[in-house]
2 protein chains.
Amino acid sequence: MGVKIRKSKQRNRILEVLQSSRNHVTANWIYDELRPEFPSVSLGNVYRNLNILVDQGLVNRLGFGSNVDLYEAVREPHYHFVCDRCGAVEDVRVPEDLQHRVESRISRDYGHVVTSKSVEFHGICRACRADGVTM
Amino acid sequence: MGVKIRKSKQRNRILEVLQSSRNHVTANWIYDELRPEFPSVSLGNVYRNLNILVDQGLVNRLGFGSNVDLYEAVREPHYHFVCDRCGAVEDVRVPEDLQHRVESRISRDYGHVVTSKSVEFHGICRACRADGVTM
DNA sequence: GTATCTGCAAAACATTTGCCCTTTG
DNA sequence: CAAAGGGCAAATGTTTTGCAGATAC
């Protein structure tokens, strides 16, 4: 059996910060957010607690091809759009039925059970397009 | 204008290795593959060349939430399925029309242009299911 | 010949871990 | 008070980079 998890002010605050943030943020950004309230908090502890929150299914860790992980509080399932020009990461929603059709294809054709998905579309976002980016 | 790219035996071999490999492999694995032919090749140079090949659009870099990047030669577009139990990464194909419907929804609803996608489904693969994994 | 490529080793970087003290229950 | 959490600093592991010599064109 695993380790028992107790309450912790720091971990609580980390979750709150994530839930009240609209963007996908780095561990280091969270660390800076916590410092006013917990002046002696350590970055290592932010990482430790993020790992716990991810294990608990309360937070998603996102790679996005960069070498820095981003974190977001778990909400309704959604996909991500990453702009290759400006780097912006935006949530996108795709109708449930389209999502289900893709996943049931995978079940049917391959026999795998899909429990979660991490989908990122890359391209040029609306704002960059408006700026006349052609590529 | 960028830097001119010359031919290089090592980079050529790296691409061949990727093209003849069915799996998604690490830089370090490629490094080991090259050593018989280029005994003094360096891991740093493998990384340098992988970056060039990715820039040239010949190779995909895949994060998969792990802290090690995986590489694959570029072929037809496809998605990935990652087994959370055994870590296996498998290519999955989804009918073109379903892919296009998802992407045109993003264009229509958000105004972004989708040029590529990196899609990973997570779950339990067929083999692990057969082994009686319940989760 | 000159710009690019390479090997080597060191640097950079995010993330993890060990140790010992503090807090929680 | 026993077990989990935190701070600190060192360790880890992957990827990048600076430099001097080798290679491509």
Side-chain angles (χ1 to χ4, degrees), chain A residues 1-18 23-56 58-72 82 87 89, chain B residues 1-18 23-56 58-72 87 89 118:
Chain A
M1 198 199 105
V3 180
K4 192 173 297 183
I5 302 287
R6 294 183 179 162
K7 274 198 242 174
S8 115
K9 296 188 171 75
Q10 286 92 332
R11 180 169 348 109
N12 231 49
R13 192 82 193 85
I14 289 172
L15 184 56
E16 281 177 22
V17 164
L18 282 170
N23 299 323
H24 313 79
V25 301
T26 63
N28 202 64
W29 185 89
I30 296 170
Y31 172 59
D32 286 339
E33 286 293 297
L34 291 205
R35 265 161 36 168
E37 186 169 346
F38 304 95
S40 67
V41 73
S42 67
L43 184 54
N45 195 40
V46 172
Y47 276 108
R48 259 190 299 237
N49 279 308
L50 283 170
N51 286 337
I52 292 174
L53 290 168
V54 169
D55 285 348
Q56 294 179 327
L58 296 169
V59 167
N60 289 327
R61 194 201 322 274
L62 309 164
F64 290 136
S66 127
N67 35 354
V68 196
D69 285 342
L70 298 180
Y71 297 86
E72 65 175 6
V82 181
V89 178
Chain B
M1 198 200 103
V3 179
K4 192 172 294 183
I5 302 287
R6 294 186 177 157
K7 275 197 242 173
S8 116
K9 297 188 171 76
Q10 285 91 333
R11 182 172 342 112
N12 230 49
R13 193 80 193 87
I14 289 172
L15 184 56
E16 281 178 20
V17 164
L18 281 170
N23 299 325
H24 313 80
V25 300
T26 63
N28 202 63
W29 186 89
I30 297 170
Y31 172 58
D32 285 339
E33 285 294 297
L34 292 206
R35 264 157 45 166
E37 185 169 347
F38 305 94
S40 66
V41 72
S42 66
L43 183 54
N45 195 41
V46 171
Y47 275 108
R48 259 189 299 238
N49 279 309
L50 283 170
N51 286 337
I52 292 173
L53 291 168
V54 169
D55 285 348
Q56 293 178 329
L58 296 170
V59 167
N60 289 327
R61 193 202 322 275
L62 309 164
F64 290 137
S66 124
N67 36 353
V68 196
D69 285 342
L70 298 180
Y71 297 87
E72 65 174 7
V89 178
S118 165

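Chain identifiers are assigned alphabetically (A, B, ...) following the order of the sequence lines, protein sequences preceding nucleic acid strands; residue numbering begins at 1 within each chain.
The NZ-P distance, from B:K7 to C:dT4, rounds to 17 Å in whole Å. For the pair B:Y47 OH and C:dA9 P, the computed distance is 18 Å after rounding to whole Å. What separates CH2 of A:W29 from C1' of C:dA14 is a distance of 18 Å, to the nearest Å. Note: CG (A:L50) to P (D:dG6) measures 12 Å, nearest angstrom. Atom CG in B:N51 sits roughly 12 Å away from atom C1' in D:dT14 (whole-Å rounding). Separating the CD1 atom of A:I5 from the P atom of C:dG25 is a distance of 12 Å, rounded to the nearest angstrom. Atom-to-atom, CZ of A:R35 to P of D:dG7 comes out at 12 Å; the value is rounded to the nearest Å. Between the P atom of D:dG6 and the CD1 atom of A:I30 lies a distance of 14 Å, rounded to the nearest Å.
The base of D:dG6 is not paired with the side chain of A:R11 by any donor and acceptor separated by under 3.5 Å. At a cut-off of 3.5 angstrom, the base of D:dG6 holds no donor-acceptor pair with the side chain of A:R6. The base of D:dG18 lies close enough to the side chain of B:R48 for a donor and an acceptor atom to sit less than 3.5 Å apart.
Side chain of A:R11 to main chain of A:R48: no donor-acceptor pair is present (N/O by atom type, distance under 3.5 Å, no hydrogens or angles).
Here the side chain of B:S42 is nearest to one of D:dA24, C:dG7, C:dA14, namely C:dG7.
Here B:S8 reaches the OP1 or OP2 of C:dT6: one of its side-chain N or O atoms lies under 4.0 Å away. Phosphate proximity of D:dT23 to B:Q10: absent, as no side-chain N or O sits under 4.0 Å from OP1 or OP2. The phosphate of C:dT24 (OP1 or OP2) has a side-chain N or O of A:K9 nearer than 4.0 angstrom.
Across every non-hydrogen atom of A:V41 and A:Y31, the tightest pair is O-CE1, 3.3 Å.
Taking the nucleotide of DNA chain C with the nearest heavy atom to each of B:N49 and A:T26, the more 5' of the two is matched to B:N49. The residue among B:V41 and A:N28 whose nearest nucleotide of DNA chain C lies closer to the 5′ end is B:V41.
Using a 4.5 Å heavy-atom cutoff, the side chains of A:Q10 and A:V46 are not in contact. Using a 4.5 Å cut-off on side-chain heavy atoms (C-beta onward), B:L58 and B:L18 make no contact. Looking only at side-chain heavy atoms (C-beta outward), B:Q56 and B:I5 come within less than 4.5 Å of each other.
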